[in-house]
Amino acid sequence: MSSQLPSHWITHHTPAPIVGRNRALDLACGTGRHSFWLAGQGWHVTALDRDLPHTDGMTNNTADNTIDWQQADLETGIWPLGPQTFDLIVVVNYLHRPLFEPLRGAVRSGGTLIYETFMVGNEKHGRPTSPEFLLRADELTTEFSGWHITDQMQGDVYRDDAPSPHAVKQAIVAVKP
């Protein structure tokens, strides 16, 4: 199990799962901090990443069978999940712009996309620094402009214990029409 806490943006904006509409995708899941949290909230999670850690706590089937760990390279140009759709997709600290289109198709009608990652300006705080991995101003709201955006933010992000920002991020919560 991941020792990192899930993002406040994710925990604050994730809707409650509904029976029969409780499939979630944690895209570029890393160590699974959001996957474990979502499973704990009642979601059946597909956790997808290029490099899944091989630990005893991360198997293809967790004890309650709510996380399906899948290893795939998201940057090959081939969407690894085919026609599967999800009621919730979360993406945190990952950007590969060619995935915007497959993400739009992978969210079911009425489903939610919660996206949070770094944007231009973050280079003054550390990695990532390349424009390839930094959103431009209002990029997420533009990319998902036909959706109902229920919340959004962009700009400096602060830790509770620090007077100065530690990152520059952009995030949206968007419901597919």
Nearest atoms (heavy-atom pairs only) where [X] meets [Y]:
| X | Y | value |
| --- | --- | --- |
| Leu74 | Ala28 | CD1-N, 3.9 Å |
| Gly30 | Leu52 | O-CD2, 4.3 Å |
| Ile89 | Ala106 | CD1-CB, 3.7 Å |
| Trp43 | Ala24 | CE3-CB, 3.8 Å |
| Pro17 | Asn22 | CB-CB, 3.6 Å |
| Thr31 | Phe36 | O-CE1, 3.8 Å |

With rounding to the nearest 0.5 angstrom, report the [atom1] to [atom2] distance, [X] to [Y].
| X | Y | atom1 | atom2 | result |
| --- | --- | --- | --- | --- |
| Thr46 | Arg23 | OG1 | CZ | 5.0 Å |
| Lys176 | Phe86 | NZ | CZ | 12.0 Å |
| Ile114 | Ile10 | CD1 | CD1 | 5.0 Å |
| Asn122 | Arg127 | CG | CZ | 11.0 Å |
| Ile172 | Glu143 | CD1 | CD | 9.0 Å |
| Leu113 | Phe144 | CG | CZ | 5.0 Å |

Below 4.5 Å, heavy atoms only, C-beta onward: do [X] and [Y] meet side chain to side chain?
| X | Y | result |
| --- | --- | --- |
| Val92 | Arg33 | yes |
| Met153 | Trp9 | yes |
| Trp79 | Leu103 | yes |

(request) Just jot down the salt bridge (Lys or Arg N to Asp or Glu O under 4.0 Å) partners of Glu101, sequence neighbours excluded, or say none. (result)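 For Glu101 the salt bridge (Lys or Arg N to Asp or Glu O under 4.0 Å) partners, ignoring immediate neighbours, are Arg104.
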(message) Test of understanding: with salt bridge (Lys or Arg N to Asp or Glu O under 4.0 Å), list the residues that count as partners of Glu139, not counting sequence neighbours.
(response) Arg97, Arg136
(request) Starting from the C-alpha separation in whole Å, work towards a yes-or-no answer on side chain to side chain contact (heavy atoms under 4.5 Å, CB included) for Leu25 and Gln84. (result) CA-CA 10 Å; Leu25 170 63; Gln84 292 183 63; over 6 Å; no
Using modelled atom types and a 3.5 Å cut-off, is there a donor and acceptor pairing between side-chain atoms of [X] and backbone atoms of [Y]?
| X | Y | answer |
| --- | --- | --- |
| Gln154 | Asp138 | yes |
| Gln71 | Arg50 | yes |
| His34 | Cys29 | no |
| Gln170 | Leu140 | yes |
| Thr117 | Tyr94 | yes |
| Asp26 | Ser35 | yes |
| Thr11 | His8 | yes |

(request) Flag yes if Leu99 and Leu135 sit in one hydrophobic cluster, no otherwise; membership is Ile, Leu, Val, Met, Phe, Trp, Tyr, and two members link when side-chain heavy atoms are under 4.5 Å apart. (result)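 Per the 4.5 Å side-chain linkage, Leu99 and Leu135 are co-clustered.
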(message) If hydrophobic clusters are built by linking Ile, Leu, Val, Met, Phe, Trp and Tyr wherever their side-chain heavy atoms come under 4.5 Å apart, do Phe100 and Phe133 end up in the same one?
(response)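 Looking at the clustering, Phe133 is in a separate group from Phe100.
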(message) Please evaluate residues Tyr115 and Leu95 with respect to the criterion side chain to side chain contact (heavy atoms under 4.5 Å, CB included), reporting the C-alpha separation (whole Å), side-chain torsions for both, the decisive distance (0.1 Å), and the verdict.
(response) CA-CA 10 Å; Tyr115 205 124; Leu95 177 62; 3.8 Å; yes
(request) List, by chain and number, the other hydrophobic cluster members for Leu134, where Ile, Leu, Val, Met, Phe, Trp and Tyr join if side-chain heavy atoms come within less than 4.5 Å, directly or indirectly. (result)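 Via sub-4.5 Å side-chain contacts, Leu134 links to Phe118, Val120.
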(request) Check which hydrophobic residues are tied to Val175 through side-chain heavy-atom contacts below 4.5 Å, counting indirect links as well, and list them. (result)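 Members other than Val175 - counting any ILVMFWY side chain reachable under 4.5 Å - there are none.
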(message) Taking side-chain hydrogen bond (donor to acceptor under 3.5 Å, both in side chains) as the definition, give me every residue that meets it alongside Thr112, ordered by chain and number, with sequence neighbours left out.
(response)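 Testing Thr112 for side-chain hydrogen bond (donor to acceptor under 3.5 Å, both in side chains), a comparison that skips the adjacent residues, returns none.
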(request) Any salt bridge (Lys or Arg N to Asp or Glu O under 4.0 Å) involving residues 79-93? Give me the pairs, sequence neighbours left out, ordered by first then second residue. (result) Arg21-Asp87, Asp87-Arg108
